[in-house]
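Keep in mind it's a predicted model, so treat the numbers as computed, not measured. The chains referred to below are lettered A, B, ... by the order of the sequence lines, with proteins before strands, and numbering in each begins at 1.
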Amino acid sequence: MKTNTQAKAGKVIWLIVEYISLIFFSFVAVIPVVSCVITAFKTDTEYQTTNVMTLPESWLNFENFITAFQKANMGRGFMNSAIILVSVLLLSTFIGTQLAYVLNRFKFFGNGIIRSLFLFASQLPGVAMQVALYEIMYKMHMINSLIGYIILMCGTDIISIYIYIQFFENIDYSLDESAIVDGANYFTIFYRILLPLLKPAIVTSCILKGVGTYNEYYSANLYLQDKTTLNTVATSLYTFVGPLGSKYNLICAGVIISLLPALIVFITCQKQIYSGLTQGAVKG
Amino acid sequence: MANTKTVTKPKRTFTEWLRSRDGQKALVMLAFMVLPLLLLFVFTYLPFGEMFGFSFYKMKYIGERKFVGLKNYEKVFSRDDCFGALKLSLYYMLGSVVQLAIALYLATILSFKVRGGDLFKGLMFFPFLINGIAIGFIFKFFYTRGFVFDTVLQWCGFQLDNLPYWLRDQRINNFSLVGTSVWRYFGQNMVLFIGAIMSVDAELYEAATLDGANRFQQFKYIILPSIKTIVTLNVILSITGSLSAFEPPYVITDGANGTGTYFVVMHQIAHVQQKVGLASAMAIVLLVIIFVVTILQKLFFKYVFKNAEDEDPNAARKRDKKIARIAAKRGGARA
């Protein structure tokens, strides 16, 4: 009897500890963002006179958002980001699924080598590679060129290749064989039969790749130097470095605008983002 | 005549071969692999080779180059701001240990039924999806004197006068930066761990609960063994990741006040001072170090696992493959 109540008490204490931990770490995770939201709604005088964590007088003061949007030329940024996003997703989906198809369906000398080449490439830290890549991009006239940047972003994308290969592994090979018997060639098999089946994997990897591309700023800053016409959403935030650097109500508004698309994608595609990340980690 | 004959004959067989299964196979392989391999070559292996070459020259991106032999490498080791910057990696290593521990703890909690679990998970994961520049601004704001962090600490009863300047004070600013990295990635680590824990058969937990095992025992005997692989992998990744730490100082302090990690210094030397040769040598040196460290760690874990349990070699091989694969995915995600 006694041990029973003790166990119960232990359970309750553990439950309390659990919830306190969850609430604490959620608080830690949201507070930097929440403080930004609060500040973004403040007028200049309000920002200067009140504490940062004091709530704004009006939650309908969108002035900062409008000013930030215009000052940082974010309309242009959204357009460029959209062009980049669509092109990169289309191209890399084609490239990735085709490569995965060959690597998964055909046994040939060099299959393992190619996989290792991609694997090794993914281990190299990107920042280090840019030292020499900059010179190559320069020679290919791909600096200050949207197309150049798009091509760069399509290169070596090991994550989606792995997601596709894994998905192919689960598509029965007898499907290919019966199509071959019916006289279909490999291109038909790939485009008509396998690609439609691959849709869930394509969606998953597009979401991951999409978020990554949208958030990319290092190469964008390096290779899209003309910030007035070639800014992406992320790099348009660089406008706030310098003279505007202390107007945090404006900066916070810009920051919030820039992360809205990611937030929307996250809320709508939460499950896919989680499963995309854990795929491969779970299925051995 | 003889000439045309020798040319046409293999040509005919070539078109025949093209129509055959083997030919079709070769054609589709060629068509599907040319582009990805070309991209891989141009954007990874070519710069890799170029960089190796650059490291022996004194040069800018444009203009003349002068061969200097191993001088750049000597500089990497003799200049205080180059090799010495690797010391900062220790902060980031410490940070990733903390990060992994937090992630593991929260993943254990969330893998059981918890009210509002999805909401908590979402809130903690979201920082992973914020772009780097936004993160830079958010934390410049967060750490400014008297702003967010100081206010929160004052709620907890701290006096503002006793608080340091989080980004300026050299005793503390690297911890502040590491904190942002932990903030950004613990939720993502947690999601990975939850995925691994969920892959364990649910019946195991039920059986354990029926047998009267408490949470701690369940963690030790069921959860931990099942996620050994992914934890190992994360330890490996966090050490190499610490050596190449870049983003927090780059976007928040720009390497000022003693926060310049190795890569931040390298970035400035390459793209601001345009000492491309020296920067290349720095990159090569760090790549070699990372390579060596990775191999040493793999050997170490192999040794540890072998001693811990005499598992059959097949499973070990499977695990190694898995680790390599996940490593690739994660590496790609970070890059």
Side-chain angles (χ1 to χ4, degrees), chain A residues 14 18 21-22 25-26 29-32 35-36 51-53 95 98-99 101-102 106 117-119 121-123 125-129 131-136 138 152 154-156 158-159 162 185-187 211 215 217 234 237-238 248 251 255 258-259 262 266 270 274 277-278 280-282 284, chain B residues 24-25 28-29 32-33 35-36 39-40 43-44 46-47 50-51 54 61 106 109 120 122-124 126-127 129-134 137-138 141-142 147-148 151-152 187 191-192 195-196 199 215 230 244 246 263 267 270 276 279-280 283 286-287 318 322 324-326 328-329 331-333 335:
Chain A
W14 176 235
E18 272 183 0
S21 317
L22 286 176
F25 283 105
S26 301
V30 297
I31 202 73
S35 66
C36 255
N51 182 282
V52 282
M53 294 308 280
I95 295 171
Q98 289 178 341
L99 181 71
Y101 169 68
V102 172
F106 298 136
L117 281 177
F118 275 96
L119 198 101
S122 69
Q123 312 275 35
V127 181
M129 302 311 291
V131 173
L133 194 51
Y134 188 84
E135 201 247 3
I136 292 169
Y138 178 78
L152 173 71
C154 290
T156 57
I158 195 90
I159 312 169
Y162 271 113
N185 67 28
Y186 291 105
F187 290 94
V211 171
N215 282 342
Y217 68 95
L237 289 180
Y238 274 122
Y248 275 110
I251 296 175
V255 164
S258 84
L259 53 84
F266 178 55
Q270 211 167 347
Y274 292 151
L277 280 175
T278 41
V282 179
Chain B
Q24 288 282 308
K25 238 181 207 176
V28 78
M29 272 165 55
F32 282 6
M33 290 203 311
L35 222 47
L39 286 172
L40 180 68
F43 293 123
T44 304
L46 185 63
E50 289 263 88
M51 198 157 70
F54 289 171
Y61 284 113
L106 293 170
I109 293 176
F120 286 125
L123 292 177
M124 292 188 276
F126 184 66
L129 297 177
I130 300 177
N131 71 73
I133 303 176
F137 283 118
I138 289 175
F141 178 62
F142 184 80
F147 279 16
V148 187
T151 306
V152 172
V191 165
L192 285 183
S199 68
R215 286 281 164 94
I230 195 160
S244 50
F246 174 72
F263 268 169
H267 169 86
V276 180
S280 298
L286 194 65
L287 288 179
K318 238 182 170 173
K322 202 162 145 186
R325 186 154 68 216
I326 304 165
K329 288 180 61 169

Interface check, chain A: of B/Thr151, B/Leu286, B/Leu35, most non-hydrogen pairs under 4.5 Å belong to B/Thr151
Can you tell which of B/His267, B/Met51, B/Met29 has the highest number of heavy-atom pairs within less than 4.5 Å of chain A?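 Top option by heavy-atom pairs under 4.5 Å: B/Met29.
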Highest number of heavy-atom pairs under 4.5 Å with chain B: which of [options]?
| options | result |
| --- | --- |
| A/Cys36, A/Ala132, A/Ala234 | A/Ala132 |
| A/Phe106, A/Tyr274, A/Trp14, A/Tyr101 | A/Tyr274 |
| A/Met53, A/Gln270, A/Glu18 | A/Glu18 |
| A/Ile31, A/Asn185, A/Val127, A/Leu259 | A/Val127 |

Compute the ring centroids of B/Phe142 and A/Tyr248, then answer whether they are less than 6.0 Å apart.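 Aromatic pair excluded; centres sit 6.0 Å or further apart.
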[X] and [Y]: which non-hydrogen atoms are nearest, and at how many Å?
| X | Y | result |
| --- | --- | --- |
| B/Ile109 | A/Ser21 | CD1-CB, 4.2 Å |
| B/Gly195 | A/Thr278 | CA-CG2, 3.8 Å |
| A/Phe118 | B/Pro36 | CZ-O, 4.0 Å |

Identify which part of B/Ala270 has an atom lying under 4.5 Å from any heavy atom of chain A, answering side chain, backbone, both or neither.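 Side chain of B/Ala270 only, per the 4.5 Å heavy-atom cut-off to chain A.
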Side chain, backbone, both or neither of [X] within contact of chain B (heavy atoms, under 4.5 Å):
| X | result |
| --- | --- |
| A/Val211 | side chain |
| A/Phe25 | both |
| A/Leu99 | both |
| A/Leu133 | both |

Mind checking whether [X] and [Y] have side chains closer than 4.5 Å, heavy atoms only?
| X | Y | value |
| --- | --- | --- |
| B/Phe246 | A/Pro125 | no |
| A/Cys154 | B/Leu39 | yes |
| B/Phe141 | A/Val52 | yes |

Which distance, rounded to the nearest 0.5 Å, do you find between the [atom1] of [X] and the [atom2] of [Y]?
| X | Y | atom1 | atom2 | result |
| --- | --- | --- | --- | --- |
| B/Leu123 | A/Leu22 | CG | CG | 10.5 Å |
| B/Leu287 | A/Met129 | CG | CE | 7.0 Å |
| B/Phe147 | A/Asn51 | CZ | CG | 9.0 Å |
| A/Ser258 | B/Ile130 | OG | CD1 | 8.5 Å |

By salt bridge (charged side-chain N to carboxylate O under 4.0 Å, His left out) - contacts of B/Glu50 (at least two apart): none
In terms of relative ring orientation, are A/Tyr134 and B/Tyr61 parallel, tilted or perpendicular, with 30° and 60° separating the classes? tilted
Could you tell me how the ring of B/Phe126 sits relative to the ring of A/Phe266: parallel (under 30°), tilted (30 to 60°) or perpendicular (over 60°)?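 Tilted: the ring planes of B/Phe126 and A/Phe266 meet at 30° to 60°.
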Quick check: are there more than 12 heavy atoms from other residues, nucleotides or ligands sitting under 6.0 Å from OH of A/Tyr138?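 For A/Tyr138, atom OH is not crowded (no more than 12 foreign heavy atoms under 6.0 Å).
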